[in-house]
Every structure is written in structure tokens, then in C-alpha cells.
Amino acid sequence: MNPDQMTPAPPTEPPNPPLTRSARQRNQITAMVGLVTVWVLLWGTLSWANVIFGLVVAAILLAVFPLPPVTFAGRIHPIGMLRFWRRFLSDLVVASVQVAWLALRPRHVPRSAIIAVPMRVNTDLNLTLTAEALTLVPGSLILEADRATGTLFVHVIGVNSRDEVEQFRRGVYDLEARIVEAIGSPDELRRVRTIGYPNPPADLEGEPT
Amino acid sequence: MTLDAVLDIVAAVCLISGALLSLAAGVALVRFPDLLTRMHAAAKPQVLGLLLVLVGCGVRLRTGVDITTLVLVGVFQLATAPVAAHMIGRAGYPHEEIRTDLLLTDELAAHLDRLAGERDEARA
Amino acid sequence: MTTVAVTVTALLAVAGGLTLTRVIRGPSILDRAVATDVLLAIIVAAIATEAAYSRDATALPVLVVLAVLGFVGSVSIARFATRRKSE
């Protein structure tokens with residue numbers, strides 16, 4: 001296969017712009033709150049002793065293992081979040097039933113495909129969340145992520161034709177859109193809405209490998 | 001019928017469906033043709049099956065301390081199962097026996113070829 | 001509740017047996033890692049069922065440890081397998 005045919009989409013924005021001071025502080029506070037919540041859940045009771053000790057442990061953890069910079073807009077859209085979780089949970093059920101059916105179906109060997117999906121919003125946070133959610137929704141499993149171009153490589157199970165592969169690719173973009181609607185910044189939202197479905201990579205029309 | 005009885009029935013339904021999904025994951029592990037398809041089984045029915053069992057357990061225990069522990073286990077499972085699957089997929093992809101005859105298209109192979117080409121050019 | 005517990009136990013036992021077949025048959029170490037992960041999840045489900053049946057929450061902290069352990073286990077196997085190949 002001619003390697004030139006699959007040129008990656010040019011990076012749409014610097015993948016990780018340097019963070020401002022306030023953004024870094026917000027990230028630390030988010031991480032602190034998350035860690036303290038886990039600590040309190042672990043002990044099971046909400047008491048001052050637990051919260052204070054949790055804060056100490058979280059501070060030590062963050063000092064010893066500092067987090068990589070995350071571009072989080074700092075705003076959660078409640079409606080988008082609700083819509084994402086509702087769809088995610090129903091997707092999880094559909095996915096499980098689908099795999100169970102594929103497993104129990106007699107004399108059937110499922111066909112699959114590996115597709116590249118360049119994300120529209122190339123940030124670490126979006127890549128991570130989309131990849132995580134993809135693994136749990138019907139038919140897909142994250143195989144590899146290319147951070148430079150923001151491309152996810154997805155293994156798809158139970159597809160039988162090229163049309164179904166393309167349909168699936170659109171499904172991945174829908175999932176990304178739902179995540180951006182839940183936690184994205186206004187800028188990312190605009191990107192997702194204006195681009196719609198990007199054109200598939202050029203060599204898609206080529207011969208199957 | 002009392003509330004307790006209703007909750008017990010809910011718990012029983014959750015437990016049994018969770019166990020059924022676990023069984024489906026087991027069958028899938030044995031019957032699927034290669035590593036990648038087997039990972040689907042480990043990622044989806046297994047996670048939902050475990051979540052259902054945890055919900056059933058929480059509904060039956062009904063005490064705050066226990067429910068927080070169960071929530072923690074569930075959240076952990078949801079967050080880590082995809083990461084573990086990704087790590088294994090990366091480790092296995094080009095090397096292990098993957099049934100390429102069952103693949104409709106393989107765009108990752110093209111990508112890796114391109115990367116290898118760029119590396120050769122840089123070296124030359 | 002006893003019938004439910006017996007049914008769940010039987011289902012989980014069969015699932016565990018099937019998973020063990022995959023652990024034994026392999027063929028690669030990664031197949032075994034995936035199967036072991038599933039086996040661990042089945043064990044977690046079994047412990048949770050026991051807790052639900054006897055209404056006794058003593059074993060619940062074990063579940064947290066097992067959930068973490070399964071993740072760490074498969075990730076370290078994956079890393080080990082990657083490094084061995086690149087050598």
C-alpha cells in the first residue's frame with residue numbers, strides 16, 4: 001500500500017497549549033476533590049476526620065505524582081452530561097447483549113475491521129474520554145491512539161460490509177459530539193458542529209487489506 | 001407485598017442477569033476466533049454483568065457504608081476496563097495471531113507502515 | 001433467595017470453568033491475561049453474591065482490592081509482553 005495515500009489530517013490546533021496559572025489551579029482543585037471523594041467513599045462515612053485526612057493524602061499524592069496538563073474548560077453542561085450518560089448506559093446494555101448474541105450464535109465466526117478515526121477535537125481529555133467510552137459501547141474497542149494527529153484506531157466487531165464500517169465511523173463521531181456537548185468549551189463545540197462528519201481518509205476506497 | 005420483598009426481587013433479577021452476562025462472557029472467550037474479539041467479551045458483557053451484580057448486592061444490603069464501597073468498585077471497573085483492554089490491544093496488535101482473514105479493513109497497518117517509512121527516511 | 005443464590009452460583013461456576021479453559025489453552029500470554037481478568041471479575045461477582053445472600057458486608061473491602069488488583073495485573077502483563085517483543 002502506498003504510504004502517502006494516508007496522510008493524517010494536519011493538527012488542527014496545538015495538541016496541548018501551555019496552561020495558564022488559573023487553569024492549572026483549577027485542575028489541581030478538580031483532582032483534589034476527586035481524590036478526597038474516593039477516600040471518603042472508601043471509608044464509607046462522611047466525617048471531618050475523613051475529609052481532613054483525605055485532603056492530606058491527596059496533597060501528598062499530587063505532590064509526588066503530578067498530573068499531566070489537561071485542557072478542561074472547567075464547565076460541565078448538565079443537559080449534555082445527562083444525555084451522554086443516558087445514551088452511554090443504554091449503549092452498554094446493547095453492547096453486552098450484542099457480544100453475548102455473537103458468542104452464543106451457532107456456527108458463526110464474527111467478522112471485524114480496524115478503522116482509523118481522526119478526532120475533530122484534538123485534546124488529551126477528549127481523546128481519553130472518547131477512547132474509554134468507545135470500548136464500552138457496541139462493537140468497538142480502542143486499539144491504539146495517535147496523540148500527534150488525534151487519531152483513534154478502533155477495532156470493530158460484527159460488521160459485514162464497507163457500508164457498515166462507514167456507518168460505524170459516523171457512530172464514533174456522534175459519540176465524540178456527545179462528549180464535547182457534555183464537557184467541551186464553546187470553541188470545541190463550534191468545531192464539532194461546523195465540521196459534522198469529516199471525510200474518511202483517502203485510501204478507504206482502496207482494496208481491502 | 002412489602003417494600004422489602006419488592007427490593008429483594010429487584011436484587012434477585014439483577015444478580016441473575018449479571019450472572020447470565022458473565023456466562024456469556026465466558027462462552028465468548030472460548031468461542032471467539034482471536035485475541036481482539038475476545039477482548040470485546042472481557043470489556044462489555046463482563047463489565048455490565050459485574051455492575052448488575054454489584055447493584056443487586058447494594059439493593060439487598062441497603063446500608064450507606066456498603067453502598068459507597070460498591071459504588072467505588074463499580075466506578076473503578078468502568079474506568080479501568082477500557083484502559084486494560086487498550087494496553088493489551090497495543091501489546092498484541094502487530095505480533096500476536098490476529099485473524100487478518102476475518103478483517104474487512106485494517107487502517108492501523110497502513111498507519112504503522114507509514115510510520116516505519118518515515119523512520120527509514122529519517123535514518124537514511 | 002436460596003434458589004437465586006444457587007442459580008447464580010451455578011451460572012458463575014460454569015462461566016469460571018469456561019474462562020479457565022481459555023486460561024489453559026492460551027495460546028498467547030495476552031489471551032491468558034484477558035481470561036484472567038474475566039476470571040477475577042467472576043470472583044468479584046461471586047463474593048458480592050455471597051454478601052447479598054447472607055446480608056453480611058464483611059467481604060466488601062476485598063472487592064475494592066480485587067478490582068484494583070485485576071487492573072494492575074493485566075496492565076503489567078501487557079507492559080511485560082510489549083517489552084519482551086521490542087528486545
Side-chain angles (χ1 to χ4, degrees), chain B residues 8 11-16 18-31 34-35 38-39 41-43 46-47 49-50 52-54 56-63 65-66 69-70 72-77 79-81 83-92 94-97, chain C residues 1 3-5 7-12 14-23 25 27-31 33-35 37-39 41-42 44-53 55-57 60-61 63-64 66-68 70-85:
Chain B
D8 272 4
V13 171
C14 285
L15 287 173
I16 289 181
L20 277 174
L21 280 172
S22 294
L23 181 62
V27 174
L29 272 183
V30 172
R31 285 202 59 209
D34 66 357
L35 174 67
R38 279 178 213 139
M39 275 160 54
Q46 188 52 65
V47 169
L50 190 55
L52 280 174
V53 170
L54 293 178
C57 187
V59 169
R60 175 109 168 123
L61 288 172
R62 282 169 233 155
T63 44
V65 185
D66 305 332
T69 315
L70 292 171
L72 209 57
V73 176
V75 169
F76 226 91
Q77 194 69 28
T80 57
V83 181
H86 177 195
M87 292 294 290
I88 291 185
R90 275 180 78 142
H95 307 281
E96 299 302 333
E97 286 164 36
Chain C
M1 209 63 198
T3 34
V4 173
T7 323
V8 171
T9 312
L11 288 172
L12 289 179
V14 177
L18 290 171
T19 318
L20 266 180
T21 356
R22 182 47 74 193
V23 175
R25 272 171 51 191
S28 76
I29 188 168
L30 293 172
D31 285 295
V34 172
D37 212 20
V38 174
L39 190 61
I42 291 173
V44 171
I47 295 176
T49 311
E50 198 275 333
Y53 173 64
R55 296 224 152 137
D56 174 19
L60 288 191
L63 299 187
V64 182
L66 280 183
V68 180
F71 171 65
V72 174
S74 32
V75 167
S76 25
I77 291 179
R79 290 197 69 121
F80 166 72
T82 324
R83 198 164 43 201
R84 209 184 34 176
K85 257 168 229 130

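Computed over heavy atoms, backbone and side chain alike; hydrogens, waters and symmetry mates excluded. Letters go in sequence order (proteins before strands), and every chain restarts at 1.
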*asked:* Apply side chain to side chain contact (heavy atoms under 4.5 Å, CB included) to residues F71(C) and V83(B) and explain how you reach the verdict.
replied: CA-CA 8 Å; F71(C) 171 65; V83(B) 181; 3.8 Å; yes
Could you have a look at [options] and say which one has the most heavy-atom pairs with chain B under 4.5 angstrom?
options                        : answer
T49(C), D56(C), T7(C), D37(C)  : T49(C)
A33(C), A41(C), A67(C), S74(C) : A41(C)
T3(C), V4(C), T21(C)           : V4(C)
L60(C), V75(C), L63(C)         : L60(C)

Between [X] and chain C, with a heavy-atom cut-off of 4.5 Å, which part of the residue counts as in contact: side chain, backbone, both or neither?
X      : result
L70(B) : side chain
L15(B) : both
V47(B) : neither
L29(B) : both

_Does any backbone or side-chain atom of V68(C) lie under 4.5 Å from a heavy atom of chain B? Answer side chain, backbone, both or neither._
both
*So, does R60(B) use its side chain to make a donor-acceptor pair with the main chain of R55(C) at under 3.5 Å?*
no
_I88(B) CD1 to D31(C) CG distance, which is reported to the nearest 0.5 Å_ = 9.0 Å
_R25(C) to V30(B) - nearest heavy-atom pair and separation_ = NH1-CG1, 4.2 Å
*Identify the two heavy atoms, one from A35(C) and one from V23(C), that lie closest to each other, and give their separation to 0.1 Å.*
CB-CG2, 3.5 Å
*Under the side chain to side chain contact (heavy atoms under 4.5 Å, CB included) criterion, do I47(C) and L66(C) qualify, and how do the steps go?*
CA-CA 10 Å; I47(C) 295 176; L66(C) 280 183; 3.9 Å; yes
*Is there side-chain contact between V13(B) and L52(B), with heavy atoms separated by less than 4.5 Å?*
no
